[in-house]
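Here is the structure we will look at, set down as structure tokens.
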Amino acid sequence: MLKDLGTPARSAIRSAGTPLRSAGLPREIRRRRTVLVLVILACFTLIVLDARRSTGSPVEPLRSAAAGVFGPLESTASEARQPVDNLRDRFAEVDRLKAENEKLKSANEDLTRQLNTSDYARSRAQELDRLLKVAPAFTMTPARVIGVGGAQTFNHTVTIDAGTADGVRPDMTVLNGTGLVGRVVRTTQGTATVLLIGDRNSTVGGRLNATMALGFVSGRGDVAGTLDYKLVDPKARPKVGDRIVTWGSTGNAPYVPGVPIGVVTSVTPNEGALGSTATIKPYVDPTRIDTVGVVTGPPARPPRTQLGKGN
């Protein structure tokens, strides 16, 4: 019975204690709110006092103290961060310079390509102009050199990009803007093989411009295309500086008349025989042939005047 009586008492006490804790909770909240209000008022007061910006501001000592404490720390942090920032900026600058260098390189390549193309086109135009001046009376087919020697039958030959489809046939004269190149020896529909006058198997009838003396020009077979010239008249002697032109062939094949061949650079007497042999430097450099013309038609000329007693 005592147990039964004691149990409610403890329950009553426990029940009575619960309101006591509940009553203490509002007091704690009120205390925290009071502290918060005081902090806000203090901050507002400091703001108002600091707004005067005068030397007598009560906040000035605090500001000076904070600057003295945090200033060195901020300076140290900035100095420690500076190498990292510099390294980052350096990498960014390197990337920028690389990109700019690539752009400049690409632009330079484009300009160089355009310059080379324009120079080549200009050179070809000049070659064609000179070509028309060398043999203006003949019908010519222009062509370009697309192959040299080696893989072909003859020693000193070039292949041009004009053939039977363009009216090119064997034994036609080939020249460029400076003089005689050679003659056509073989053709296909789209190409032709030209034997250069510097080849050992080449012989061209040549005439001295100064005296009109006739002779024969033959090649030595060297890279420079050096030529030998022997006059028909053994008593005739060419002089250094004399110019040689073609005298022409029957039916203008393989050589038309009047095409410049070269200039005399030296004269050597023939051993044990009359006459002399002249060394000729050709006008055409065989290592620099590009644009050429193939004479595909006879010269356009008026009928020759008949000579007689009445003239």
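Everything numeric in this text was worked out from a predicted model, so none of it was measured. Below, each value reflects all heavy atoms present in this structure, side chains not excepted, and no hydrogens, waters or symmetry copies.
Taken to the nearest 0.5 Å, the OG1 atom of Thr296 stands 6.0 Å off from the CE atom of Met172.
The hydrophobic cluster containing Ile40, built from Ile/Leu/Val/Met/Phe/Trp/Tyr side-chain heavy atoms closer than 4.5 Å, also comprises Leu36.
Cluster annotation: Leu208 and Val217 are assigned to the same hydrophobic cluster (Ile/Leu/Val/Met/Phe/Trp/Tyr, side-chain heavy-atom contacts under 4.5 Å, transitive). Grouping the Ile, Leu, Val, Met, Phe, Trp and Tyr side chains by contacts below 4.5 angstrom, directly or via other members, places Tyr229 apart from Trp247.
Using a 4.5 Å cut-off on side-chain heavy atoms (C-beta onward), Thr246 and Leu180 make contact.
Surrounding CZ of Arg243 are at most 12 heavy atoms belonging to other residues, nucleotides or ligands under 6.0 Å away.
Side chain of Thr34 to main chain of Arg30: a donor-acceptor pair is present (N/O by atom type, distance under 3.5 Å, no hydrogens or angles). The backbone N or O of Met212 sits nowhere less than 3.5 Å from a side-chain atom of Asn209 that would complete a donor-acceptor pair. Of the possible donor and acceptor atoms, none in the side chain of Ser202 sits under 3.5 Å from a partner among the backbone N and O of Ser218. In terms of modelled atom types and a separation under 3.5 Å, the side chain of Thr188 and the main chain of Thr191 share a donor-acceptor contact. At distances below 3.5 Å, not a single donor-acceptor pair connects side-chain atoms of His156 with backbone N or O atoms of Leu196.
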Mind listing the side-chain donor-acceptor pairs of residues 256-268 below 3.5 Å, one per line with the distance, residues two or more places apart or on another chain?
from, atom 1, to, atom 2, distance (Å)
Thr265, OG1, Thr279, O, 3.1
Ser266, OG, Thr279, OG1, 3.2

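With sequence neighbours left out, the side chain to side chain contact (heavy atoms under 4.5 Å, CB included) criterion links Thr187 to Thr164, Val168, Pro170, Val184, Ala192.
A side chain to side chain contact (heavy atoms under 4.5 Å, CB included) with Ile289 holds for exactly one of Thr178, Val145, Val148; it is Val145.
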